[in-house]
Protein chains: 2
Amino acid sequence: MATGRTHRPATRSRGIPEATVARLPLYLRALTALSERSVPTVSSEELAAAAGVNSAKLRKDFSYLGSYGTRGVGYDVEYLVYQISRELGLTQDWPVVIVGIGNLGAALANYGGFASRGFRVAALIDADPAMAGTPVAGIPVQHADELEKIVSDNGVSIGVISTPAGAAQQVCDRLVAAGVTSILNFAPTVLSVPDGVDVRKVDLSIELQILAFHEQRKAGEEAVGGSSVDPAAPPVRAATDSSRKGPDGDVPAVMPA
Amino acid sequence: MATGRTHRPATRSRGIPEATVARLPLYLRALTALSERSVPTVSSEELAAAAGVNSAKLRKDFSYLGSYGTRGVGYDVEYLVYQISRELGLTQDWPVVIVGIGNLGAALANYGGFASRGFRVAALIDADPAMAGTPVAGIPVQHADELEKIVSDNGVSIGVISTPAGAAQQVCDRLVAAGVTSILNFAPTVLSVPDGVDVRKVDLSIELQILAFHEQRKAGEEAVGGSSVDPAAPPVRAATDSSRKGPDGDVPAVMPA
DNA sequence: CCATCTTTGTGCACGCGTTCACAAAGACAT
DNA sequence: ATGTCTTTGTGAACGCGTGCACAAAGATGG
């Protein structure tokens, strides 16, 4: 019916706030770095600084997981790494498929951060027959026709879409039909999915646009002390310059072929 | 002093809430699609569906920009495209540099969504001398030694970092010193920047970890009705299996060389 | 010119997330 | 054993974001 709900349906999974869940990977990364330097314990203040957050926030976040700290000392690094990993579900193996092997898809396939977190690239899939068999990051690309079989055979529940925008919804539908229940979408489109399927979206150009907004404000503020921003007269409604818009519209990150 | 503040310092720029700013690009994308189909007007309900948000939220978002709608009719598509573009600062030219031309950097350089939004890739920069001169997306890669000169000559205020984690902070420092005040960071590190510099972070593995969390919950819930999750006994503090951790740590998305 | 109908713009209430500030807990030295 | 000092864990207050629900505005038809 309605367009897919990309948002968290106020899941509040088992009492752990969504905002906290989103920060756990951050803590985990900082802790892993400490672990590699063989640091035995860390205080909330130090860890918060390393993760780039407020220490009170960090302590409250950890309080949702349990009382894993020792007052007067701090947190045991190894122990906390394990607890967070377990909470995030990283102690188990997550086979993922990447659909759309362009530049971005290849970058994802080569991304070392996946394997070290329990994510295993089970397959690379592309619609271009010419790519079939070509190894990318040591994994041969398979044709899109095999999608359902691959998902089914490997028990894949997480799919990554790095296709052009035009193909994303179709790929999404097939992934979901084949049993995928979590999707990471890099294509610049709103995906429509049934209830029970999670979608997270990463949009490269949106981030830049947000930066541009703040950048514009900075420039505007130091130029004039005032606030009114009205450089050029706004085109009197329905301006006729729809030509400059360009036909590229929403060209996605990479070519699928 | 403290680690870089990646977060919005409650800017609340000129009355427009940060959450609204983050959604404007979404609306803009939907509106652009409508514009290309020559749709003259659109209601808040329709546009909200296309953007994947609640219609009340959309109306409230637009109310921060001004009264651009017509009651009983809806919004003029072209007019709204212009207003949002102007608010986001997309009516002006934003030269950006991309530092670190691996798979990800190349994907970004090829990303069509940039050019169509007023972003112009002014230069591609990489630390590998062997890459200098090699064209990527039609733009010759320049050596990192030229970074300061490039930023200065082109008046670049937005930088994109797609280097390995180890090089990110150093690149960031040089960009900032050269005059960049907004940074989009793809390297898995917390960047430390002085006040006045905005940093936005895109982390590929964090998104997957969040998905894994929810995926684990789904699996756990349909298996058992209960809530307690305690599959394996937690290793009695400071477990000795720090060997499985692997030396890859936080290998970044792409090779710089 | 008036009635009706559609759709915007927003006042209000609610809930989540953040931050402060402090009491409780434990380590450590004497 | 006792006191001091550090650091956690959390109660409480606050502010932002979201969604409801409705009045105002304007289009449209008679």
Side-chain angles (χ1 to χ4, degrees), chain A residues 2 5-24 26-27 31 39-77 79-80 83-84 210 237-238, chain B residues 2 5-24 26-27 31 39-77 79-80 83-84 210 237-238:
Chain A
R5 190 201 296 104
T6 309
H7 327 289
R8 62 243 74 136
T11 309
R12 195 56 174 288
S13 309
R14 165 73 166 311
I16 300 183
E18 191 60 30
T20 295
V21 172
R23 278 188 296 268
L24 290 182
L26 231 56
Y27 302 143
L31 285 166
V39 177
T41 60
V42 65
S43 72
S44 64
E45 203 73 45
E46 295 167 326
L47 185 54
V53 302
N54 182 299
S55 72
K57 195 187 294 186
L58 177 141
R59 286 198 300 274
K60 178 144 291 202
D61 282 344
F62 285 175
S63 78
Y64 292 114
L65 310 183
S67 286
Y68 294 149
T70 306
R71 303 184 188 219
V73 177
Y75 300 91
D76 182 294
V77 172
Y79 187 65
L80 203 47
Q83 290 299 344
I84 295 180
I210 296 173
R237 294 265 169 159
Chain B
R5 189 200 298 102
T6 309
H7 327 288
R8 61 244 76 134
T11 309
R12 195 57 176 283
S13 308
R14 164 70 167 312
I16 301 183
E18 191 61 30
T20 296
V21 172
R23 279 188 295 267
L24 290 182
L26 231 56
Y27 302 143
L31 285 166
V39 177
T41 61
V42 66
S43 72
S44 65
E45 203 73 45
E46 294 167 327
L47 185 54
V53 303
N54 181 301
S55 72
K57 194 187 296 185
L58 178 142
R59 287 198 300 275
K60 180 148 290 197
D61 282 342
F62 285 175
S63 78
Y64 292 115
L65 309 182
S67 285
Y68 294 149
T70 305
R71 302 184 188 220
V73 177
Y75 299 92
D76 182 294
V77 172
Y79 187 65
L80 203 47
Q83 291 298 343
I84 294 180
I210 296 172
R237 295 265 168 157

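Please read these numbers as outputs of a predicted model, since none were measured by experiment. Computed from heavy atoms alone, side chains included, the values below leave out hydrogens, waters and symmetry copies. Just so we're on the same page: letters track the sequence lines, and every chain starts at 1.
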What is the distance, to the nearest angstrom, from the [atom1] atom on [X] to the [atom2] atom on [N]?
X       : N      : atom1 : atom2 : value
B:Lys60 : C:dC14 : NZ    : C1'   : 12 Å
B:Leu80 : C:dT8  : CG    : C1'   : 13 Å
B:Gln83 : C:dT8  : CD    : P     : 17 Å
B:Tyr68 : C:dT7  : OH    : C1'   : 19 Å
A:Leu24 : C:dG17 : CG    : P     : 13 Å
B:Asn54 : C:dT10 : CG    : P     : 17 Å
A:Asp61 : C:dT19 : CG    : C1'   : 12 Å
A:Glu46 : D:dT8  : CD    : C1'   : 14 Å

Checklist entry - Do B:Arg71 and C:dT8 have a side chain to base donor-acceptor pair shorter than 3.5 Å? => result yes

Could you tell me which non-hydrogen atom of [X] sits nearest to which non-hydrogen atom of [Y], and how far apart they are?
X       : Y       : value
A:Ser55 : A:Ser44 : CB-O, 3.9 Å
B:Leu47 : B:Val42 : N-CG2, 3.7 Å
A:Tyr27 : A:Ala51 : CD2-CB, 3.8 Å
B:Thr41 : B:Val39 : O-CG1, 3.3 Å

Item to check | Contact under 4.0 Å: A:Ser43 side-chain N or O vs D:dT7 OP1/OP2 | outcome: no

Checklist entry - For D:dT8, does either OP1 or OP2 sit under 4.0 Å from a side-chain N or O belonging to A:Ser44? => result yes

Item to check | Selection from C:dT18, D:dG26, D:dG9 that lies nearest to any side-chain heavy atom of A:Ser67 | outcome: D:dG9

Checklist outcome for this item: Between A:Ala19 and A:Arg59, whichever has its closest DNA chain C nucleotide further toward 5' is A:Ala19

Item to check | 5′-ward residue of the pair B:Glu45/A:Ala56 relative to DNA chain C | outcome: B:Glu45

Next on the checklist: Quick check: do A:Arg59 and A:Tyr75 have side-chain heavy atoms less than 4.5 Å from each other?
Outcome noted: yes

Checklist entry - Within the structure shown, what part of the strands sits under 4.0 Å from B:Tyr75 by heavy-atom distance: base, sugar-phosphate, or nothing? => result sugar-phosphate

